[in-house]
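Bear in mind the structure is a predicted one, so any value in this text is a computation, not a measurement. Read the numbers this way: they start at 1 and go in the same order the structure lists the ligands and their atoms.
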Amino acid sequence: MLEIDKFKKIIIANWKLNGSIPYLNEYIENIQFDKSKDNNNCLVVCPPSTLIPYIKTKKFFIGSQDCSSFKEGAYTGEISCKMLKEIGCDFVIIGHSERRSIFKEHHKSIFDKCTNAINNKLIPILCIGENGQQRKENLHKEVLMDQLSKSLPKNIDIENIIIAYEPVWSIGTGLVPDQNQISEIHDFIKQEVLRSNQVRVIYGGSVKAANYKKILEIQNVDGLLVGGASLNLDEFNQIIKF
Ligand code: PEP
């Protein structure tokens, strides 16, 4: 399994249901990052799974946007962690809020996906986050605690997972928590829930070229998960200057 503790910061591009083979080729050609030159930082691109076999570059690491909670068998439409590893993935996003809300994913399948990822030497990027109502009612810490305690397998090497704190009310909305709010939650996850300084916690939600620096400067933010802005290479190339 890739050792992520050596990286200063980790930036993940989540393309969601966007992209094509020509777009991917253009992206690879124009992306201004090369992991053979900057090995202090980590860039992971997560396109739709059908595009992954077309990635011949070693400029960045490859991640999947999801994986099956099953290992193999009669599960039509599923893609297993073993299959993702075979096509070059080192990372997999698990429990993204869109999967939780639109596809009704729940803790048990998220837990099984994390287990399968770890067993296949894929680094899980476990997404957690409260919605707007939960934040208004000051329930956000309880929600995060619940998501983490029910989704993470016991006895895992905490250094080999990434937690993405993505407040649902921030994803795709242009609303971003202030620096103190982000710092408070990252501290809560590291110190109070997981009791580890080593665990990598990244922030996601409306990250843009205009705000990424201020977020990345926060001492307990280990990186960023970028959705919409990762599809605009002019903008994303600014963000991946780290
Ligand atoms: C995401 O998809 O995880 C995300 C953070 O999206 P956006 O950056 O568009 O808010």
Side-chain angles (χ1 to χ4, degrees), residues 9-19 23-24 27 31 33 42-49 51-52 60-67 89-105 110 113-114 117 122-132 134-135 140 143-144 147-148 151 161-179 181-183 185-186 189 200-218 221-242:
K9 301 279 181 184
I10 300 165
I11 295 184
I12 318 238
N14 177 15
W15 285 18
K16 312 191 188 200
L17 187 54
N18 297 290
Y23 178 80
L24 174 72
Y27 200 88
I31 198 159
F33 185 87
C42 176
L43 173 65
V44 185
V45 178
C46 306
S49 303
L51 295 177
I52 294 173
F60 46 77
F61 293 100
I62 306 167
S64 167
Q65 296 174 19
D66 189 27
C67 62
C89 289
D90 282 301
F91 295 82
V92 54
I93 297 174
I94 296 176
H96 190 280
S97 70
E98 287 152 14
R99 301 240 30 115
R100 291 179 193 257
S101 64
I102 304 168
F103 301 98
K104 310 290 172 225
E105 275 189 20
I110 294 171
K113 289 178 181 196
C114 286
L122 290 173
I123 293 170
I125 303 158
L126 173 64
C127 300
I128 57 168
E130 79 283 0
N131 65 31
Q134 290 160 336
R135 168 63 76 157
H140 49 292
V143 169
L144 298 172
Q147 289 175 337
L148 281 169
S151 315
I161 61 162
I162 297 172
I163 306 297
Y165 170 53
E166 298 208 296
V168 180
W169 51 272
S170 175
I171 296 177
T173 60
L175 299 170
V176 180
D178 67 31
Q179 280 176 298
Q181 288 173 315
I182 296 175
S183 181
I185 295 302
H186 282 228
I189 295 169
R200 313 310 297 267
V201 182
I202 65 174
Y203 170 80
S206 294
V207 174
K208 307 266 178 267
N211 62 17
Y212 87 96
K213 241 195 186 128
K214 278 209 153 23
I215 302 171
L216 219 45
E217 267 167 21
I218 304 170
V221 170
D222 297 307
L224 303 167
L225 177 43
V226 187
S230 72
L231 289 159
N232 176 339
L233 210 42
D234 286 342
E235 181 152 20
F236 195 53
N237 272 334
Q238 295 181 55
I239 297 172
I240 57 177
K241 286 182 183 146
F242 288 86

Within-4.5 Å side-chain heavy-atom neighbours: Val44 and Phe60: no
Exactly one candidate in Leu224, Val226, Ile125 meets side-chain contact (heavy atoms from CB on, under 4.5 Å) with Ile12; the answer is Ile125
For the 3.5 Å polar cut-off, considering only N or O atoms, please tell me whether His96 and ligand 1 meet it. yes
Short list, please: which atoms of ligand 1 are under 4.0 Å from a heavy atom of Leu225? 3 (O), 5 (C)
Quick one: look at Asn14 and ligand 1, take heavy-atom pairs under 4.0 Å, and tell me if it's side chain, backbone, both or neither. side chain
Is any side-chain heavy atom of Tyr203 closer than 4.5 Å to a side-chain heavy atom of Pro177? yes
Any nitrogen or oxygen of Gly205, main chain or side chain, under 3.5 Å from a nitrogen or oxygen of ligand 1? no
Hydrogens and angles aside, do Glu217 and Tyr212 bring a side-chain donor and acceptor to less than 3.5 Å of each other? no
Anything under 30° is parallel, anything over 60° is perpendicular, the rest tilted; go ahead and classify Phe242 against Phe33. tilted
Would you mind running through ligand 1 and noting each atom that sits below 4.0 Å from a heavy atom of Lys16? 1 (C), 2 (O), 6 (O)
Report yes if some N/O of Gly227 lies less than 3.5 Å from some N/O of ligand 1; otherwise report no. yes
Basic-acidic side-chain contact under 4.0 Å: Lys208, Glu235: no
Geometric N/O contact Gly228 with ligand 1, under 3.5 angstrom: yes
Quick one: does Gly172 get a heavy atom under 4.0 Å from ligand 1? yes
Find out whether Leu225 and Asn14 are in side-chain contact, i.e. whether some heavy atom of one side chain is under 4.5 Å from a heavy atom of the other. yes
Who's the nearest protein heavy-atom neighbour of atom 3 (O) of ligand 1, and how far? Glu166 OE2, 2.7 Å
